Protein chains: 2
Amino acid sequence: MGITKTQIFDKRQNELAQLFKILGHPARIAILQHISTQNSCICNDLVEEIGLAQATISQHLKELKSIGLLKGEIEGKSMCYCIDLDRWNELQEFLNSFFNTTKHNCC
Amino acid sequence: MGITKTQIFDKRQNELAQLFKILGHPARIAILQHISTQNSCICNDLVEEIGLAQATISQHLKELKSIGLLKGEIEGKSMCYCIDLDRWNELQEFLNSFFNTTKHNCC
DNA sequence: TCTTATTATCGTAATATTGCGATATATAAA
DNA sequence: TTTATATATCGCAATATTACGATAATAAGA
């Protein structure tokens with residue numbers, strides 16, 4: 001046991017859960033906020049500003065990339081991680097559609 | 001290691017992450033959908049419809065209650081779990097405010 | 001080419017989550 | 001009161017996540 005039984009849920013349920021799950025870590029929230037509002041998209045800057053080890057930040061960046069939220073570009077000898085705004089809006093709509101279609105009660 | 005370093009993040013970041021995290025499991029998504037769109041709010045019905053053990057469903061219900069999304073009321077000898085619509089809307093706005101304030105790129 | 005700087009990946013330890021059987025608790029009905 | 005039904009909690013095993021040091025890979029500049 002301990003393994004999530006994804007096979008008993010449908011595609012949309014698993015997708016929604018996966019998106020929520022990846023957003024469900026404060027370091028990843030902080031990364032997104034830094035990139036967006038602090039004008040900091042260089043991996044090394046994030047390491048210093050957030051205060052986790054470089055390997056850890058790199059791992060979190062990888063997960064955010066896995067759902068398409070971030071795209072990384074080589075900037076000299078650094079990596080510039082930027083938010084994919086199209087994907088960002090797509091996800092926001094997807095999550096909102098979940099919230100809106102689940103807004104009714106049975107009693 | 002292995003423990004999330006919540007102390008280096010601020011209250012809002014931890015709150016957001018906690019909400020996303022709890023929504024980040026397909027069983028909990030399914031529970032919310034069943035309650036809302038299948039008119040099924042009795043714990044035992046959910047057990048049968050979702051196909052996880054009763055103990056497991058009970059645990060997931062507890063987590064959804066922990067962020068205020070569900071409230072349970074005694075209905076005869078069963079429990080009726082309903083979505084707290086005020087809290088639901090509050091969360092939707094909270095998540096949208098995160099999405100909207102993080103919608104800019106540094107480059 | 002050699003060195004330096006930056007990021008990714010590997011391996012591993014600590015902790016958290018998931019799932020379930022067993023059991024406790026609570027309520028309704030007999 | 002006794003029995004049946006429904007839910008919560010406990011304890012545990014399996015798996016996943018988090019974090020980091022060490023190291024590999026890559027690119028710029030001396």
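Quick caveat, the model's predicted, so the values are computed rather than measured. Below, each value reflects all heavy atoms present in this structure, side chains not excepted, and no hydrogens, waters or symmetry copies. Note on naming: letters A, B, ... go to the chains in the order of the sequence lines (proteins, then strands), and numbering restarts at 1 for each one.
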>> Applying a 4.0 Å non-hydrogen cut-off, can you work out what B:Ile57 is touching in the nucleic acid: base, sugar-phosphate, or nothing?
In response: nothing
> Going only through I, L, V, M, F, W and Y residues with side-chain contacts under 4.5 Å, is there a path from B:Tyr81 to B:Val47?
Replying inline: yes
> Would you call the rings of A:Phe98 and A:Phe20 parallel, tilted or perpendicular, where under 30° means parallel and over 60° means perpendicular?
Replying inline: perpendicular
> In B/S/- notation, 5' to 3', how is nucleotides 22-30 of chain C contacted by protein heavy atoms closer than 4.0 Å?
Replying inline: -----SS--
>> Please determine whether a side-chain nitrogen or oxygen atom of A:Lys21 lies at a distance below 4.0 Å from atom OP1 or OP2 of C:dT17.
In response: no
> What about A:Gln59, does its side chain sit under 3.5 Å from the base of D:dC20 through a donor-acceptor pair?
Replying inline: yes
>> Once you apply a heavy-atom cut-off of 4.0 Å, does A:Ser58 come out as touching a base, just sugar-phosphate, or nothing?
In response: base
> Is any side-chain N or O of A:Tyr81 closer than 4.0 Å to OP1 or OP2 of C:dA8?
Replying inline: yes
> Does B:His60 make a side-chain N or O approach to OP1 or OP2 of C:dT17 shorter than 4.0 Å?
Replying inline: no
> Would you call A:Arg12 and A:Glu15 a salt bridge, taking side-chain N to carboxylate O under 4.0 Å as the test?
Replying inline: no
>> Nearest 0.5 angstrom please: A:Ile57 CD1 to A:Glu48 CD, how far?
In response: 11.0 Å
>> So, does B:Asn44 get its side chain near the phosphate of D:dT5, meaning an N or O under 4.0 Å from OP1 or OP2?
In response: no
> For B:Thr56 and C:dC20, is the shortest distance between a side-chain N/O and OP1 or OP2 below 4.0 Å?
Replying inline: yes
>> Checking B:Lys103 against B:Asn100: is there a side-chain donor and acceptor pair closer than 3.5 Å?
In response: yes
Could you go through residues 22-35 of chain B and list every donor-acceptor pair under 3.5 Å that involves a side-chain atom there, pairing it with any protein atom two or more places apart or in another chain?
| from | atom 1 | to | atom 2 | distance (Å) |
| --- | --- | --- | --- | --- |
| B:His25 | ND1 | B:Ala27 | N | 3.0 |
| B:Arg28 | NE | B:Ile22 | O | 2.6 |
| B:Arg28 | NH1 | B:His60 | ND1 | 2.9 |
| B:Arg28 | NH1 | B:Glu63 | OE2 | 3.1 |
| B:Gln33 | OE1 | A:Gln13 | NE2 | 2.7 |
| B:His34 | ND1 | B:Glu49 | OE1 | 2.8 |

